[in-house]
Amino acid sequence: MSPESLAQLISTAAGNLAQSGKAGDLTVDLIPSAIAVSRPKDRSHGDWSTNIAMQLAKKTGMKPRDLAQLFADELAKSDGISSVEVAGPGFINITLDSGSAAAIVDEILSQGSAFGTNRHLGGKTLNLEYVSANPTGPIHIGGARWAAVGDALGRVLKANGAKVVREYYFNDHGVQIDRFARSLVAAAHHEPAPQDGYKGAYIDEIAQRVIAQATQDGIDILNLPRVTADDGSEGDSAQREEFRKRAVPMMFQEIQDSLHHFRADFDVWFHEQSLYNNGMVGHALSVLRDHGNIYEKDGATWFASTKFGDDKDRVVIKSNGDMTYFASDVAYYYNKRHRETDPADVAIYMLGADHSGYVGRLQALCAAYGDEQYVNMQILIGQLVNVSKDGKPIRMSKRAGNVVTLEDLVDAVGVDAGRYSLVRTGYNQNLDIDLNVLSSHTNDNPVYYVQYAHARSKNVDRNAQAAGVTTQGAELSLLDTIADSNLLAQLALYPGVLAAAADFREPSRVARYLEDLAAAYHTWYAAERVVPMELTDHDKQGEPAAVEALRIAKDPEPARAAARLKLNDAVAQVLENGLDLLAVSAPDKM
RNA sequence: GGGUUCGUAGCUCAAUGGAUAGAGCGUCUGUCUCCGGAACAGAAGGUUGGGGGUCCGAAUCCCCUCGAGCCCA
């Protein structure tokens, strides 16, 4: 029995109590729609526990323990429950029949990779935008965090029935592209990087690649005109344009390749420039204007965002006629919600803490279009990744050229460990990564613990086959030891974890769950054998009860061994399902 | 100065308002000739930054305060 179905049972019991009139002022409308059923930390508190009586005590005018006892009596009548006890201030502790607890095993094995999934987000299209780094350099470690988290969240949302569009927004319109091109020209001529420009080995490398490509095309790129304006700044020049034209696609490709290698694939690569090429910016602004949220002042065009809770109104068209960055954001949001294919019901933005100041204006934008704030637009702010070496923090700067990139991370620890370490912590938690830990190739990453549990379970399965143990004749109610029961309960938690990971937008919950499941499995493995082994003479010398316990652990009868093999295989399946949500491999051998 | 996200074991991180705040790493002690020891069992390590409040119950919610990151002045 799963915690979800147990909650259903408790809800029914509450309904019965309300109708009977025995439980004080308890009425049907007091019963919460979601009843919390949790796993007690202490084994002696039963398999599952609920605090429903304490929550309802005050409203019904009853003492918590008295109300709990009424629930206990009602629940004890249900099939599959072996005992119910009231404990502490009013907890209701429930112990299941071993057969009822073990039913989850058959459910997992029959559903396979679909086990744990649900359709509760069915019919919704969720647009996830993440990473969206400028195409002026490689993805750095902060972008890598979003790649791992965003991709995993997309998988989790899909597993809950949502239609998911993963999207990457290239800022290929603004001045940073000019700076990038200028930096390349300077590097090509072995000149120092311009002020506000980018430097670093990758700039030199891209510059050389552009030169090589141009040469191949018969263009002497270094001798194209370089115009210098009177004030010393470089104006538009044929040479810079040629560098820009060739380097930006190279950077696009490099970013896409490294994300693909990191198993973070996107459905839509959106170019900011396209918003201008097809008039989307003008259209989106005119719609805002129709809603009465655009006005002119001091020669500029403003968005009245303070009407919707922003700190101050925002300029969308400067007095010189230039569009602001925010004008692109306006058009982009409008596009997400109204495009022809897969318009978003919910636009989820995953931004770093350095963009936290944008939340107000973006949410105002959402409301200005008549959409519902925090519902049609959801913004997840993640804390930045701090990189340190020898205990000292390093300040990364793309312009200074000392970034730790996604490629660096993958080179150091591989895709599995890299993704896992970035996704297992809450994204809104500062994350500290020490370069020494990355470069030492250590095996202390929890991903190996989880993967090893999977490899081990596969190995047990192979050994069982070789020893002639099959799942035929399995008697699941014989999964009645403490280790069995703990492992069964852990398996039963998976569907709830998957739903919560989606609802809270926290894929880290899946990783944490897998670590708990792996721990329960390793403990189980140490305690109970699948392939029977004869007891030694020494084993048989103890008290009868102790000998029997050893017999059950080491030399299970066929029906019990078969049941354990099923449990073992069910664990392998759930580990596989969970790791797949994180796009981490589930190896059969390590 | 205003806003915002945080502050938990030596380090990196967990913990729907629940029972004795948990893991990993590090330190220390054990593990049966036996399904893979990348494991298991155990020990030490905490005034959840500090102070008030709400609640049957607070790391969690509210107020004040200290410190840090980020955004805006």
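So you know, we letter chains A, B, ... as the sequences are listed, proteins then strands, and number each from 1. The analysis underlying the following values was restricted to heavy atoms, covering all of them including side chains, and did not include hydrogens, waters or symmetry mates.
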So, A/Tyr525 and B/rA39: ring centres less than 5.5 Å apart, planes less than 30° off, yes or no?
no
Mind checking if A/Arg529 touches a base, just sugar-phosphate, or nothing, with heavy atoms under 4.0 Å?
base
Check every atom of B/rA41, B/rA19, B/rU20 against the side chain of A/Thr523 and return the nucleotide holding the closest atom.
B/rA41
Given atom CG of A/Asp42 and atom C1' of B/rA21, what is their separation to the nearest angstrom?
15 Å
Closest nucleotide among B/rG37, B/rA19, B/rC70 to the A/Ala353 side chain
B/rC70
A/Val37 near the nucleic acid: base, sugar-phosphate alone, or nothing, with a heavy-atom cut-off under 4.0 Å?
base
Classify the side chain of A/Asn445 and the base of B/rA38 as holding, or not holding, a donor-acceptor pair under 3.5 Å.
no
Between A/Asp461 and A/Lys458, is there a donor-acceptor pair closer than 3.5 Å when you use the side chain of the first and the backbone of the second?
no
Centre-to-centre under 6.0 Å for A/Tyr521 and A/His454, is that the case here?
no
Got a sec? Which of residues 580-590 of chain A come in under 4.0 Å of RNA chain B, heavy atoms?
A/Lys589, A/Met590
Of A/Ala518 and A/Ala464, whose closest RNA chain B nucleotide lies nearer the 5' terminus?
A/Ala464
Contacts of type side chain to side chain contact (heavy atoms under 4.5 Å, CB included), residue A/Ala417, not counting sequence neighbours
A/Val413, A/Asn445, A/Val447, A/Tyr448
Just checking, is any N or O donor in the side chain of A/Asn93 or A/His45 under 3.5 Å from an acceptor N or O on the other one?
no
A/Asn93 near the nucleic acid: base, sugar-phosphate alone, or nothing, with a heavy-atom cut-off under 4.0 Å?
base
Write out a two-atom table: protein N or O, nucleotide N or O from nucleotides 53-57 of chain B, distance below 3.5 Å.
from	atom 1	to	atom 2	distance (Å)
B/rC56	OP1	A/Lys58	NZ	2.4

Any strand, both distances under 3.5 Å, Watson-Crick or G-U wobble: B/rU60 pairs with none
Any chance you could list the contact pattern along nucleotides 4-15 of chain B? Use B for base contacts, S for sugar-phosphate-only contacts and - for none, protein heavy atoms under 4.0 Å, 5' to 3'.
-SS-----SSS-
Distance, rounded to the nearest Å, where A/Tyr358 contributes OH and B/rC70 contributes C1':
12 Å
Say whether, by atom type as modelled, one donor and one acceptor occur between the side chain of A/Asp47 and the main chain of A/Leu96 under 3.5 angstrom.
yes
For this output row, return yes or no: ring centroids of A/Tyr525 and A/His522 closer than 6.0 angstrom.
no
By the Watson-Crick or G-U definition, both distances under 3.5 Å, B/rU54 is matched with none
What does B/rC70 pair with, Watson-Crick or G-U, if both distances are under 3.5 Å?
B/rG3
What is the distance from CH2 of A/Trp48 to C1' of B/rU16, rounded to the nearest Å?
14 Å
Donor-acceptor check, side chain of A/Trp302 to backbone of A/Lys297, threshold 3.5 angstrom: yes or no?
yes
Please list each protein N or O that sits under 3.5 Å from an N or O in nucleotides 27-32 of chain B, with the distance.
none

Let me know the distance between CG of A/Asn486 and P of B/rG22, rounded to the nearest Å.
16 Å
Without decimals, in angstroms, what is the distance between A/Tyr448 OH and B/rA38 P?
14 Å
What contact category does A/His355 fall into here, base, sugar-phosphate, or nothing, at under 4.0 angstrom with non-hydrogen atoms?
nothing
Counter-base of B/rU8, judged by Watson-Crick or G-U geometry with both distances under 3.5 Å:
none
Test item: side-chain donor near acceptor, A/Asn577 and A/Gln573, under 3.5 Å
yes
Earlier contact from the 5' end, RNA chain B, for A/Trp524 and A/Ile92:
A/Ile92
Residues A/Gln176 and A/Thr136: side-chain donor-acceptor under 3.5 angstrom
no
Those residues of residues 559-571 of chain A lying under 4.0 Å from RNA chain B by at least one heavy atom:
none
Do any N or O atoms from the side chain of A/Asp298 and from the backbone of A/Ala300 form a donor-acceptor pair under 3.5 angstrom?
no
Could you check how far CG of A/Asp516 sits from P of B/rU16, rounded to whole Å?
12 Å
Rounded to whole Å, CD1 of A/Ile482 lies from P of B/rC40 at a distance of 18 Å
Paired to B/rA43 by Watson-Crick or G-U wobble criteria (both distances under 3.5 Å) is B/rU27
Could you tell me whether A/Ser49 contacts a base, only the sugar-phosphate backbone, or nothing, with contacts defined as non-hydrogen atoms closer than 4.0 Å?
base
Can you tell me the distance, in whole Å, between the CG atom of A/Leu384 and the P atom of B/rG69?
12 Å
Would you check if there is a donor-acceptor pair between the side chains of A/Trp524 and A/Asp484 at a distance under 3.5 Å?
yes
Provide the Watson-Crick or G-U wobble partner of B/rC32, both distances under 3.5 Å; none if there is no partner.
none
